[in-house]
Amino acid sequence: QVQLVESGGGLVQTGDSLRLSCAASGGTFSTYAMGWFRQALGKEREFIAAISWSGGRTAYADSVKGRFTISRDNAKNTVYLQMYSLKPEDTAVYYCAARNSLYSENYYMRTREYAYWGQGTQVTVSS
């Protein structure tokens, strides 16, 4: 059973940067494709970024493209989400997710494609 624990959230101001981390345990992290999603109050969970098992392929939602960067360190069993130029509309609970990709270079953008989820970390951007 894979366990995911997010960290790094907090309260920041518009224009600030923040880096989220997601530490994985209980599985073979290097075989997993990873994703970041977020859910604002009263809204559905939405895709933010995804990365293949090797880190060779990434994908981003249009709303964060150019501002957010997803990366991973397989030696540390950790995936990161570096966020720049934060806006109030980025306020949400951020979740990381994992699925076994069997070493394919696929990435995944839909919540139903992921088997494992973290508990989330709150990011609040004040104006």
Side-chain angles (χ1 to χ4, degrees):
Q1 184 74 11
V2 175
Q3 293 184 329
L4 304 173
V5 179
E6 301 95 337
S7 61
L11 173 63
V12 297
Q13 295 184 335
T14 298
D16 283 351
S17 300
L18 206 58
R19 189 177 81 158
L20 305 183
S21 300
C22 172
S25 62
T28 306
F29 180 75
S30 61
T31 68
Y32 286 86
M34 303 295 295
W36 284 98
F37 292 75
R38 68 186 181 189
Q39 188 166 16
L41 196 63
K43 296 187 177 181
E44 292 187 353
R45 193 168 299 188
E46 65 172 347
F47 167 76
I48 295 300
I51 190 166
S52 63
W53 75 271
S54 71
R57 296 187 71 203
T58 58
Y60 297 91
D62 288 343
S63 59
V64 306
K65 200 172 293 183
R67 298 190 299 122
F68 291 11
T69 302
I70 188 172
S71 62
R72 65 189 296 160
D73 186 337
N74 286 346
K76 295 183 178 179
N77 290 356
T78 302
V79 64
Y80 304 97
L81 185 68
Q82 178 68 57
M83 305 184 292
Y84 298 101
S85 301
L86 283 162
K87 305 174 182 180
E89 51 263 44
D90 294 318
T91 295
V93 177
Y94 284 70
Y95 298 90
C96 71
R99 67 162 285 162
N100 196 328
S101 67
L102 302 177
Y103 292 112
S104 76
E105 278 299 317
N106 293 334
Y107 54 74
Y108 304 91
M109 301 169 65
R110 298 178 179 86
T111 57
R112 65 177 181 268
E113 294 178 307
Y114 287 90
Y116 306 102
W117 292 84
Q119 83 291 346
T121 186
Q122 176 71 46
V123 172
T124 303
V125 184
S126 64
S127 58

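Side chains are part of it too, since the values below use all heavy atoms of this structure and drop only hydrogens, waters and symmetry mates.
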- [ ] Would you tell me whether Ser17 and Gln82 have side-chain atoms, one donor and one acceptor, within less than 3.5 Å of each other?
- [x] no
Task: Side-chain donor/acceptor of Arg99 to backbone N/O of Glu113, under 3.5 Å - done: yes
TODO: Check the surroundings of atom CD in Gln13: do more than 12 heavy atoms from other residues, nucleotides or ligands lie under 6.0 Å from it?
DONE: no
- [ ] Measure the acute angle between the ring planes of Phe68 and Tyr94, then classify it against the limits of 30° and 60° as parallel, tilted or perpendicular.
- [x] tilted
Task: Same cluster (ILVMFWY, side-chain, under 4.5 Å), Ile48 and Leu18 - done: yes
Open item on the list: In this structure, would Val93 and Leu86 fall into the same cluster of hydrophobic residues linked by side-chain contacts under 4.5 Å?
Closed with: no
TODO: Please confirm whether Arg72 makes a cation-pi placement over Phe29, using NZ or CZ under 6.0 Å from the six-membered ring centre and within 45° of the ring normal.
DONE: yes
Open item on the list: Under 4.0 Å between a side-chain nitrogen and a carboxylate oxygen: does that hold for Asp62 and Lys65?
Closed with: yes
- [ ] Could you tell me whether a side-chain N or O of Ser126 sits under 3.5 Å from a main-chain N or O of Pro88, the two making a donor and an acceptor?
- [x] no
Task: Nearest-0.5 Å distance that lies between atom OG1 in Thr69 and atom OH in Tyr60 - done: 4.5 Å
Task: Nearest non-hydrogen partners of Trp36 and Ile70, listed with the distance - done: CD1-CD1, 3.5 Å
Open item on the list: Tell me the closest heavy-atom pair linking Met34 and Ala98, and the distance in Å.
Closed with: SD-CB, 3.4 Å
Task: Heavy-atom side-chain proximity of Ser30 to Tyr103 below 4.5 angstrom - done: yes
Open item on the list: Hydrophobic cluster membership, with links at side-chain heavy-atom distances under 4.5 Å among I/L/V/M/F/W/Y: are Tyr80 and Trp53 in one?
Closed with: no
TODO: Kindly work out whether a path of hydrophobic side-chain contacts (I/L/V/M/F/W/Y, heavy atoms less than 4.5 Å apart) joins Tyr108 to Phe47.
DONE: yes
Open item on the list: Quick check on the hydrophobic clustering: are Tyr95 and Tyr32 connected, directly or via other members, by side-chain heavy-atom contacts under 4.5 Å?
Closed with: no
Open item on the list: So, taking the atom named OG in Ser127 and the one named CD in Glu89, what distance separates them when rounded to the nearest 0.5 Å?
Closed with: 10.0 Å
- [ ] Rounded to the nearest 0.5 Å, what's the gap from CH2 on Trp117 to CD on Glu6? Could you check?
- [x] 9.5 Å
Open item on the list: Pair Glu44, Thr111 - check side-chain contact (heavy atoms from CB on, under 4.5 Å), show working.
Closed with: CA-CA 10 Å; Glu44 292 187 353; Thr111 57; over 6 Å; no
TODO: Working to the nearest 0.5 Å, report the span between OG1 of Thr91 and CG of Leu11.
DONE: 8.5 Å
Task: Asn106 versus Ala33, closest heavy-atom pair with distance - done: O-CB, 3.9 Å
Task: Separation of Met109 CE from Glu46 CD (nearest 0.5 Å) - done: 11.5 Å
- [ ] Indicate the atoms forming the closest heavy-atom contact of Leu20 with Thr121, along with that distance.
- [x] CD2-CG2, 4.0 Å
- [ ] Please assess Arg38 against Val123 for the test side-chain contact (heavy atoms from CB on, under 4.5 Å), listing each intermediate value before the final yes or no.
- [x] CA-CA 9 Å; Arg38 68 186 181 189; Val123 172; over 6 Å; no
TODO: Please confirm whether Arg45 makes a cation-pi placement over Phe37, using NZ or CZ under 6.0 Å from the six-membered ring centre and within 45° of the ring normal.
DONE: no
- [ ] Drop me the distance from Asn100's CG to Thr31's OG1, to the nearest 0.5 angstrom.
- [x] 4.0 Å
Open item on the list: How close do Ala23 and Thr78 get, counting heavy atoms only, and between which atoms?
Closed with: CA-OG1, 4.1 Å
